[in-house]
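Scope of the values below: all heavy atoms of this structure, side chains included, with no hydrogens, waters or symmetry mates. Predicted model only: the values in this text are computed from it and were never measured.
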Amino acid sequence: MRIAVTGASGLIGSALVPHLRSVGHDVVQLVRRAPSAPDEIRWNPAAGEVDLAALEGVEGIVNLSGAGVGDHRWTDDYKRTILTSRVECTRTIADAAARLQQRPRVLVSASAIGYYGDTGDRAVDESAPAGSGFLPEVVQAWEAAADPAREAGIRVAHPRTGLVVSAKGGAWARMFPLFKLGLGGKLGSGRQYWSWISLRDEVCALQFLLEQEHLSGPVNLTGPAPATNAEITHVMGRELGRPTLIAAPSFALKAVLGEFSSEVLGSARVLPKVLEDAQFRFQDPTIDAAVRTALTA
C-alpha cells in the first residue's frame, strides 16, 4: 500500500515510517518546507494547501500532526495553538483526500483519550460519551475536522492514543532521567489512573487500523491494563533500581504546570475494547513490559 504520513518527524511518526516500510508499504512524508527527497510532499496546513498531484495514488493516509499538549504551559495563546494546529492539519488533509481523483481507501487521523476527560476509577471504552473541559472540546473538534473525508466515502479511523511509553520522546522521556537519578515519585495522591501504551504497540496498532478494512471511528490506543500513578511509580523504580520516595504534592504541580496540572493529576481509565474485539495482539500488555521495552529500545 502507498501511504502518506503527516507528522512523520514526531515521536510516533519517526517510529511509524520505518516500521511501515519494513513490512512492505511504500511511504511518503508530508513536509512544510520544499521537498528534498523523492519521498516528500509539500503541504501548508495553515493555508490549507497540499500538493494534490504528488498525493495522487496514495491508498492510505496517517495524520499525526499537531502541537504537543505538554510542550508548553497552557496560556490562552498556547491553548489556541493546540486547537488550531490539530483542526487545521486534519481539515487540510481530509479536504485533500476528498479532492483526489483516486481517493485513498483510509484516513487514520490521530486523536487522544483526552476525549473522555477525568473518569476517576471508572473504566471507559469507545462507547463512552465525551467528558467536559478543554481537552474533550479539542478532541471533538479535532475528530470532526476529518468530516470531508468521511463525507467523500473514505474510511476514517481515529486512534485515541494514551500516554506513549518511550525514552525517546513525550512525557515518559521526561520521567526516565528523573527516576534514574532517584528523583522520581508519585504525583499528587498517586491514585489517578494513567492509560498508557508502548511505542511499539502504538505503531503496530496504527498499521492495524490501516489494514483492517472493517475498523472505523474512534479506536482507543491504550494498553489493556491501565495503572495508577503510584503503581507506575513503583514499576519505574523497580525496573531502574532506584528509590521512589520523593512525591510531588498537588499544590506544587499546580504552581509549576498551571492548568495542565489537571491532566497530570486527573484520572483516565481507558480500555482498548475495539482493538481487543478485533483480535489485536499487544506485545507489551502490562506496564512492566512497556517500561522494560522502552529501556531497551
Side-chain angles (χ1 to χ4, degrees), residues 9-16 67-74 112-114 118-121 123 135 160-205 220-272 282-297:
S9 61
L11 171 64
I12 296 171
S14 61
L16 177 66
V69 170
D71 289 355
H72 299 278
R73 190 180 180 89
W74 280 9
I113 62 170
D118 190 333
T119 72
D121 61 2
L135 282 186
R160 291 177 178 166
T161 296
L163 291 167
V164 178
V165 185
S166 171
K168 298 177 180 178
W172 236 276
R174 300 181 188 182
M175 291 195 292
F176 276 120
L178 292 175
F179 277 87
K180 287 178 180 178
L181 291 171
L183 301 176
K186 69 180 183 180
L187 304 178
S189 70
R191 293 192 294 271
Q192 67 273 30
Y193 275 90
W194 282 12
S195 295
W196 52 270
I197 186 169
S198 71
L199 180 57
R200 66 174 177 176
D201 277 337
E202 170 79 11
V203 165
C204 289
N220 294 334
L221 266 58
T222 60
T228 66
N229 174 255
E231 292 168 341
I232 289 171
T233 297
H234 175 72
V235 169
M236 291 280 284
R238 187 184 67 229
E239 293 298 327
L240 290 165
R242 295 291 188 272
T244 56
L245 303 177
I246 301 174
S250 298
F251 72 86
L253 289 170
K254 290 175 182 176
V256 172
L257 300 177
E259 189 178 348
F260 180 63
S261 65
S262 63
E263 300 308 312
V264 174
L265 298 170
S267 184
R269 191 178 183 183
V270 180
L271 303 179
F282 288 91
Q283 298 176 79
D284 299 304
T286 66
I287 186 60
D288 308 62
V291 170
R292 283 194 294 271
T293 294
L295 289 171
T296 57

Checking side-chain contact (heavy atoms from CB on, under 4.5 Å) against L221, which of T161, I12, V164, I113 comes through?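 The passing option is T161.
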Which of T233, T244, T228 passes side-chain contact (heavy atoms from CB on, under 4.5 Å) with K186? Answer is T233
For A294 and A167, the nearest pair of non-hydrogen atoms, with its separation, is O-CB, 3.9 Å
Worksheet item: Which is it for S198 and Q283 under the side-chain hydrogen bond (donor to acceptor under 3.5 Å, both in side chains) test, yes or no, and what are the steps along the way?
Response: CA-CA 8 Å; S198 71; Q283 298 176 79; over 6 Å; no
Identify whether the distance between the nearest side-chain nitrogen and carboxylate oxygen of D121 and R269 falls below 4.0 Å.
no
### Query
So, does N229 use its side chain to make a donor-acceptor pair with the main chain of R191 at under 3.5 Å?
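No; zero donor-acceptor contacts below 3.5 Å.
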Fill in: E231 side chain to P226 backbone, donor-acceptor under 3.5 Å
no
Check: So how far is it from K180 NZ to E239 CD, rounded to the nearest 0.5 Å?
Finding: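 K180 atom NZ to E239 atom CD measures 12.5 Å (nearest 0.5 Å).
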ask   = How many angstroms lie between atom CD1 of I287 and atom CG of L163, to the nearest 0.5 angstrom?
value =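 Answer for the CD1-CG pair, I287 versus L163, is 9.0 Å.
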**Asked** Do D118 and S267 get their side chains close enough for a donor-acceptor pair, meaning under 3.5 Å?
**Response**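 No pair is found: no donor N or O on one side chain lies under 3.5 Å from an acceptor on the other.
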Practice prompt. Could you go through the side chain to side chain contact (heavy atoms under 4.5 Å, CB included) check for K168 and F176 one step at a time?
Written response: CA-CA 10 Å; K168 298 177 180 178; F176 276 120; over 6 Å; no
R242: what forms a side chain to side chain contact (heavy atoms under 4.5 Å, CB included) with it, not counting sequence neighbours?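 Side chain to side chain contact (heavy atoms under 4.5 Å, CB included) list for R242, sorted by chain: L240.
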| query | Is the number of heavy atoms from other residues, nucleotides or ligands under 6.0 Å of R238 CZ greater than 12? | reply | yes
